[in-house]
Student: 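I'd like to ask some things about the structure below.
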Amino acid sequence: MQVKEHWLDEFVNTVLDRFKEHVVASGTSISGSAHIGNIADPLFAHAIAVEIRRRGGKAVALWVADDMDPLDSVPPPIPREFNRYLGMPYVDIPDPYKCCRSWAEHFTREFLDATEKLGLDVKYLSGAVMYRDGTYLPWIRMALEKAGNIRTILLRVSGTSKPSDWLPYMPVCENCGKIGTTYAYDFQGDKVLYECTMDVGYAKGCGYRGECDVKDGRGKLQWRVEWAARWAALNVTIEPFGKEHAAAGGSYDTSKVIVKDVFNKEPPIPLTYEHVMINGKKMSKSRGNIFTPQQWFEIAPPQALKFFFFRVHPMRHKDFRVEDLPSLMSEYERAERIYYGFEVVSDPKLMALAKRSYELSQVGEPGNVMPIQLPYDFAVVLVQLYPNISVERLLEILRLTGHIWREPTKEDIDRLVTRLNHASTWIKKYAPEGAKIKLLEDPSLISNVLSDNQKRALIKAAELLLEREWDVNELNNKFFELSRTLSLPPHEFFEAAYLALMGKKSGPRLVNFIAAMGREKVVRYFLAAATSAKSG
RNA sequence: GGGCCCGUAGCUUAGCACGGUAGAGCGCUCGGCUCUUAACCGAGUGGUCGCGGGUUCAAAUCCCGCCGGGCCCGCCA
């Protein structure tokens with residue numbers, strides 16, 4: 001039986017069967033801060049291109065910023081004053097954060113910053129620039145000439161009926177600057193006649209009538225025509241896109257007919273994917289219900305975000321729950337161990353898939369030696385026990401716990417420190433209560449669940465702690481001795497200690513915990529838990 | 001009105017294109033590490049594969065129909 005290939009490799013098999021040279025396009029609307037789901041487009045485009053090249057084909061990956069689109073809602077936290085720009089193209093709207101020349105530039109930079117961190121080698125193109133520099137010009141002219149044909153296609157494929165004078169071009173209104181509200185009804189040569197009279201819900205036309213020269217780049221093609229024009233202009237052969245475009249009668253269905261019948265070119269091979277949801281709900285820029293790559297990079301490395309996408313088939317639903325990040329991270333760490341042969345999986349298929357998912361998730365080539373791992377969930381405990389832990393102390397602990405199996409390099413140490421920072425941010429911003437190490441407010445309340453023997457042990461332990469500062473291993477031995485002296489099974493002593501401190505039966509290694517808390521404070525907790533029952 | 005995806009152990013899921021004894025991880029339980037405690041190791045535990053039909057010697061897998069969950073298109077991109 002043949003080993004099942006990773007879905008990406010299977011996809012590349014099918015595209016290489018068609019031809020050996022490819023242009024892989026992707027595109028994103030610049031409607032605000034991107035969310036992690038928007039990364040799928042350039043991520044897949046890049047990975048496909050890399051794999052085609054690896055197999056001896058030719059491929060380039062593109063990412064187009066759809067920056068001529070009209071603003072149709074102002075996403076939080078951008079102030080409501082920006083409602084006055086509704087209907088205008090993103091390139092003409094000021095930057096809400098005032099650091100860039102325009103809205104488009106700001107959010108494009110933000111997006112490119114994320115693709116760079118993810119190591120995505122995608123060629124950046126701007127829609128607005130392509131309208132200005134003539135890239136789209138031949139296709140705009142053709143679309144105007146064959147507008148009747150396009151109207152027929154829209155009606156037949158998507159059931160959208162347009163008036164008989166409708167043209168697939170949206171000029172920017174010279175008077176009010178809006179692009180979403182203009183209606184182009186006639187043209188002579190490159191001059192398009194329009195009236196700014198449309199009411200599109202989020203914006204209303206100003207009533208101005210004018211004309212616009214398509215060579216000036218002050219306008220855009222209607223989306224489904226634009227998409228087809230982009231394929232034609234850039235010779236796109238492959239494009240990943242979200243399933244909203246893939247529905248029957250949706251934009252892919254329509255654009256593929258337009259590109260064939262109107263532009264006389266072939267549509268790209270699609271790779272459709274399901275959207276990423278957050279906490280079981282759809283991410284929506286306009287509702288502000290998003291998780292951004294920037295937020296991701298505060299709590300986890302870029303490789304893990306890539307892994308999130310590559311580990312499952314793109315058509316599967318993916319739900320990101322930030323409180324479950326540690327389990328995603330441990331899956332990633334496991335894939336890393338499998339990749340480097342430190343862990344063996346009995347099923348060769350699973351093993352191959354884990355390796356390949358790991359490999360695809362790297363930024364650049366994977367290193368020769370496995371990085372020293374600090375499991376995310378362990379990091380979460382460490383940062384809570386030792387909020388300001390030094391590198392020396394960290395290495396000492398990791399040596400004790402067996403995580404360090406070779407001399408750490410500078411890169412290893414950087415990764416470990418980054419991991420601690422990530423874990424610490426995660427704890428502060430997103431951790432569920434269960435992951436937090438929290439001391440009891442009133443340890444005396446716990447006394448009624450403790451046995452007399454457990455209370456005696458806590459008192460003895462408190463006395464021990466008062467004696468002097470102990471070495472952690474020494475203290476650990478003392479705790480075992482103490483339990484035996486009282487004929488108390490050691491685990492009952494430890495349970496009592498955790499109950500007294502946090503109201504739970506287990507916790508991080510007790511002696512470390514005590515060292516982090518400070519012994520005086522621990523003594524107070526132990527005594528309170530052990531004594532108050534008699535008085536109350 | 002139309003389309004897509006998902007439903008497999010308490011949880012997360014692999015397997016489904018090409019039918020052949022349901023497989024992991026987490027959790028849980030127990031044990032080990034002459035002393036263990038949110039770190040390490042081992043074992044055990046656990047599934048009417050959403051439901052009902054059909055095809056077949058044989059169905060988680062193929063076909064039809066339902067149910068439940070989610071998303072999308074039909075307005076704009």
Side-chain angles (χ1 to χ4, degrees), chain A residues 1-2 4 7 10 27-31 66 68-73 87 90 127 157-161 170 179-180 198-203 220 222-224 226-227 242-254 272-277 280-283 311-319 321 324 326-328 330-331 334-335 345-347 349-351 353-354 374-375 377-382 384-385 397-398 400-403 434-437 473 475-484 489-495 497-498 502 504-513:
Chain A
M1 180 138 145
Q2 212 193 334
K4 189 184 163 81
W7 62 263
E10 290 188 343
T28 307
S29 178
I30 305 300
S31 53
D66 289 322
M68 272 305 273
D69 294 353
L71 176 70
D72 62 3
S73 69
Y90 298 121
V157 181
S158 74
T160 312
S161 162
M170 302 157 69
I179 192 171
M198 306 264 286
D199 182 348
V200 285
Y202 56 85
K220 72 187 292 288
Q222 190 266 352
W223 163 243
R224 291 168 194 230
E226 175 181 277
W227 209 16
K243 63 114 164 271
E244 75 274 25
H245 298 298
S251 45
Y252 181 73
D253 273 4
T254 315
T272 60
Y273 57 83
E274 277 280 346
H275 286 166
V276 176
M277 300 204 289
K281 293 202 182 110
K282 68 176 257 176
M283 277 196 278
R311 70 209 245 266
V312 290
H313 192 276
M315 259 309 196
R316 275 193 79 94
H317 274 288
K318 287 170 283 288
D319 188 9
R321 290 173 191 271
D324 290 344
S327 65
L328 174 68
S330 78
E331 201 188 320
R334 182 162 182 258
V345 179
S346 52
D347 185 338
K349 278 196 286 188
L350 290 182
M351 188 140 140
L353 289 177
L374 163 55
D377 44 11
F378 187 26
V380 162
V381 173
L382 282 180
Q384 293 185 82
L385 284 182
I397 292 173
L398 293 179
L400 277 170
T401 57
H403 286 100
K436 286 187 187 157
I437 296 176
N473 290 322
L475 183 62
N476 202 37
N477 289 342
K478 284 284 173 193
F479 283 156
F480 279 92
E481 259 173 45
L482 170 162
S483 308
R484 284 198 213 91
H491 76 266
E492 287 193 25
F493 164 73
F494 283 100
E495 268 181 29
Y498 291 114
M502 343 192 279
K504 296 182 192 176
K505 286 186 172 182
S506 62
R509 185 172 158 90
L510 186 62
V511 288
N512 291 345
F513 196 6

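A, B, ... follow the sequence lines: proteins, then strands. Residue 1 opens every chain.
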Student: As a test of the definition: with a 90° window around 0 for syn, would you call B/A43 syn or anti?
Tutor: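 B/A43: anti glycosidic orientation.
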Student: Partner of B/G44 by Watson-Crick or G-U wobble geometry, both contacts under 3.5 Å, or none?
Tutor: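 Matched B/G44 with B/C28 under the 3.5 Å cut-off.
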Student: Using the C1' atom as the point on both nucleotides, what is the distance between B/G53 and B/C67, in whole Å?
Tutor: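 To the nearest whole Å, 14 Å.
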Student: Atom CD of A/E274 and atom P of B/C6: how far apart are they, to the nearest Å?
Tutor: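 So the two atoms are 8 Å apart, to the nearest Å.
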Student: Could you give the NE2-to-P distance, from A/H245 to B/G74, as a whole number of Å?
Tutor: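 It is 10 Å, rounded to the nearest whole Å.
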Student: Taking atom P in both B/C28 and B/G10, compute the distance separating them and give it to the nearest angstrom.
Tutor: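 Straight-line distance between the two P atoms is 15 Å.
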Student: Which sits closer to the 5' end of RNA chain B, A/E331 or A/Q222, going by the nucleotide each is nearest to?
Tutor: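 The residue mapped nearer the 5' terminus is A/E331.
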Student: Take atom P in B/G25 and the same atom in B/G20, then report the distance between them in whole Å.
Tutor: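 Rounded to whole Å, the distance is 23 Å.
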Student: Salt bridge check: are A/K478 and A/E481 linked by an N-O gap of less than 4.0 Å?
Tutor: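 A/E481 and A/K478: salt-bridged.
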Student: Expressed as a whole number of Å, how far does the C1' atom of B/U12 sit from that of B/C57?
Tutor: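 Those two atoms are separated by 36 Å.
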Student: Could you give the distance separating B/A58 and B/G19 at their C1' atoms, to the nearest angstrom?
Tutor: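 Rounded to whole Å, the distance is 8 Å.
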Student: Using a 4.0 Å heavy-atom cut-off across all strands, classify A/D66 as base, sugar-phosphate, or nothing.
Tutor: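 If one applies the 4.0 Å heavy-atom cut-off, A/D66 turns out to touch nothing in the nucleic acid.
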Student: With the side chain counted from C-beta on, respond yes when A/V511 and A/F479 share a heavy-atom pair under 4.5 Å apart, and no when they do not.
Tutor: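 Yes; the side chains approach each other to less than 4.5 Å.
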Student: Could you measure between the two C1' atoms, the one in B/C33 and the one in B/G47, and give it in whole Å?
Tutor: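 Roughly 33 Å separates the two C1' atoms.
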Student: Report the base-pairing partner of B/G74 (Watson-Crick or G-U wobble, both distances below 3.5 angstrom), or none.
Tutor: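 Partner of B/G74: none found under 3.5 Å.
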Student: Please give, in whole Å, the distance from B/C5 P to A/Y273 OH?
Tutor: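 Rounded to the whole Å, the gap is 16 Å.
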Student: Under a 3.5 Å limit for both distances, which nucleotide forms a Watson-Crick or G-U wobble pair with B/C35, could you say?
Tutor: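 Checking every strand shown, B/C35 finds no partner, since no pair has both distances under 3.5 Å.
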Student: Suppose you measure atom C1' in B/G2 against the same atom in B/G27; what distance do you get, rounded to whole Å?
Tutor: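 To the nearest whole Å, 42 Å.
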Student: With a 4.0 Å cutoff (strictly under), does any side-chain N or O of A/R224 reach OP1 or OP2 of B/C75?
Tutor: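 Checking A/R224 against B/C75: no side-chain N or O falls below 4.0 Å of OP1 or OP2.
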Student: Roughly how far apart, to the nearest Å, are B/U36 and B/C11 at atom C1'?
Tutor: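 Each nucleotide's C1' atom is 27 Å from the other's.
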Student: Could you let me know what B/C18 is paired to, Watson-Crick or G-U wobble, both distances under 3.5 Å, or none if it's on its own?
Tutor: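 B/C18 is unpaired by these criteria.
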Student: Roughly how many Å is it from CG in A/L374 to P in B/C40, rounded to a whole number?
Tutor: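 Those two atoms, CG and P, are 11 Å apart.
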Student: Specify the residue among A/S330 and A/N476 whose closest nucleotide of RNA chain B lies further upstream toward the 5′ end.
Tutor: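 So the residue in question is A/S330.
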